[in-house]
S.K.: 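Quick one: structure below, then a few questions.
Every value quoted in this text rests on a predicted model; they were computed, and no experiment measured them.
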Amino acid sequence: MAVIQYRLDGRMLHGQVSNFARSLNIDEFVVVNEKTAQDPTQVMLLELAALNADVDVVSPRQALELLNSSELDDYRVMVVFKQIEDAVELVELGYEMDELCISGMYASDRENKVKVEACLFVGEQDREAFRFLEEHGVLLTHQISPEYNKKRVRDLVQY
């Protein structure tokens, strides 16, 4: 399997992610979030948003099985996490990834998060997740779309 990019975006599949998908010739999305995977309406909307690509919407545990299988060997895959916790859970399950590109971490009114950069709002739990992922060999980068320069999250956020 050729996972071309691991990406985190709270909105999952939308215009900016589609720009990356086109530039990387992605033909399969694996969207990782347990709650979304259990919502048939959300799954249908993600399939519509993917345009000409296939979509699998799975929990982190299902993602582990799918990504370790040969089912996606012939595809150019983008793995999209809805939340940083989804990426953490997948790594806790033993999955290894080299880089996670964070394009959209947002804050609701109920969350105590600070805007660090465009589309990057970070709270203490996020910092803990960043530490965990880096300790497990994951390079964290921030890039909204292909036109923006990629930045290391460590250069933007202290954790």
S.K.: The test is side chain to side chain contact (heavy atoms under 4.5 Å, CB included); show your working for L46 and F29 and say whether it passes.
M.R.: CA-CA 10 Å; L46 290 169; F29 289 102; over 6 Å; no
S.K.: Just wondering, do Y106 and C119 contact through their side chains at under 4.5 Å, heavy atoms?
M.R.: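 With C-beta onward as the side chain, the pair touches.
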S.K.: Linking I/L/V/M/F/W/Y whenever any side-chain heavy atoms sit under 4.5 Å apart, do Y148 and V116 land together?
M.R.: no
S.K.: Closest approach of M97 and A87, non-hydrogen atoms and distance?
M.R.: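 It is CE-O, 4.2 Å.
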S.K.: Could you walk me through whether V122 and R127 pass side chain to side chain contact (heavy atoms under 4.5 Å, CB included), step by step?
M.R.: CA-CA 7 Å; V122 177; R127 286 181 178 84; 3.9 Å; yes
S.K.: In Å and rounded to the nearest 0.5 Å, what is the CG to CD distance from D39 to E34?
M.R.: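 Nearest 0.5 Å value for the CG-CD distance: 12.5 Å.
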S.K.: Can you name the closest pair of heavy atoms from M78 and A21 and give their distance?
M.R.: CE-N, 4.0 Å
S.K.: Could you pull out all residues at least two apart from R61 that satisfy side chain to side chain donor-acceptor pair (under 3.5 Å)?
M.R.: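 Counting only residues at least two positions away or on another chain, R61 forms no side chain to side chain donor-acceptor pair (under 3.5 Å).
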S.K.: Is there a continuous path of hydrophobic side-chain contacts, each under 4.5 Å between heavy atoms, that joins I84 to F121?
M.R.: no
S.K.: Does the pair V31 and V55 meet the rule for a side chain to side chain contact (heavy atoms under 4.5 Å, CB included), with working shown?
M.R.: CA-CA 7 Å; V31 177; V55 178; 4.3 Å; yes
S.K.: Indicate the atoms forming the closest heavy-atom contact of G123 with K113, along with that distance.
M.R.: N-CG, 3.7 Å
S.K.: Please examine the side chains of N149 and Q143, heavy atoms only from C-beta on, and report whether any two atoms are closer than 4.5 Å.
M.R.: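 Contact flag for Q143/N149 side chains = no.
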S.K.: Please report the closest heavy-atom contact between R76 and D27, naming both atoms and the distance.
M.R.: N-OD1, 2.8 Å
S.K.: Decide yes or no for V30 and V3: does some side-chain heavy atom of the first lie under 4.5 Å from some side-chain heavy atom of the second?
M.R.: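 The answer is no; the side chains never approach within 4.5 Å.
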S.K.: Using 0.5 Å steps for rounding, measure from the CG atom of D86 to the NZ atom of K35.
M.R.: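 Between D86 CG and K35 NZ, I get 12.0 Å after rounding to 0.5 Å.
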S.K.: Taking all heavy atoms of L67 and all of L90, pick out the closest pair and write down the distance.
M.R.: CD1-CD2, 4.1 Å
S.K.: Look at the side chain of S70 and the backbone N and O of D73, then say whether any donor-acceptor pair between them is shorter than 3.5 Å.
M.R.: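 Such a contact is absent between S70 side chain and D73 backbone.
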S.K.: More than 12 foreign heavy atoms under 6.0 Å from CD of E147: is that the case here?
M.R.: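 Enclosed: over 12 neighbouring heavy atoms sit under 6.0 Å from CD of E147.
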S.K.: Between I4 and V77, is the side chain to side chain contact (heavy atoms under 4.5 Å, CB included) condition met? List the steps.
M.R.: CA-CA 6 Å; I4 306 303; V77 178; 5.9 Å; no
S.K.: Considering all heavy atoms of both residues, which atom of S103 and which atom of D9 are nearest to each other, and what is their separation?
M.R.: OG-OD2, 2.7 Å
S.K.: Do L8 and I144 belong to the same hydrophobic cluster, where Ile, Leu, Val, Met, Phe, Trp and Tyr are linked whenever their side-chain heavy atoms lie under 4.5 Å apart, directly or via other members?
M.R.: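 Cluster IDs for L8 and I144 differ.
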S.K.: Assess whether atom CD of E92 is packed by more than 12 heavy atoms of other residues, nucleotides or ligands within 6.0 Å.
M.R.: yes
S.K.: With a 4.5 Å limit on heavy-atom distance, are the side chains of M12 and Q42 in contact?
M.R.: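 In contact.
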S.K.: Only distances under 3.5 Å count here; give the side-chain donor-acceptor pairs of residues 128-142 to other protein atoms, sequence neighbours excluded, each with its distance to 0.1 Å.
M.R.:
{"from": "R131", "atom 1": "NH2", "to": "E124", "atom 2": "OE2", "distance (Å)": "3.3"}
{"from": "E134", "atom 1": "OE1", "to": "R154", "atom 2": "NE", "distance (Å)": "3.0"}
{"from": "E134", "atom 1": "OE1", "to": "R154", "atom 2": "NH2", "distance (Å)": "2.7"}
{"from": "E134", "atom 1": "OE2", "to": "Y159", "atom 2": "OH", "distance (Å)": "2.7"}
{"from": "H136", "atom 1": "ND1", "to": "F132", "atom 2": "O", "distance (Å)": "2.8"}
{"from": "T141", "atom 1": "OG1", "to": "E99", "atom 2": "OE2", "distance (Å)": "3.0"}
{"from": "H142", "atom 1": "ND1", "to": "I102", "atom 2": "O", "distance (Å)": "2.7"}
{"from": "H142", "atom 1": "NE2", "to": "A118", "atom 2": "O", "distance (Å)": "3.0"}

S.K.: Is the shortest heavy-atom distance from the side chain of D126 to the side chain of M105 under 4.5 Å?
M.R.: yes
S.K.: Working to the nearest 0.5 angstrom, can you tell me the gap between L45 CG and L13 CG?
M.R.: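 Output value for this atom pair is 10.5 Å.
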S.K.: Side chains of N33 and F81: closer than 4.5 Å at any heavy-atom pair?
M.R.: no
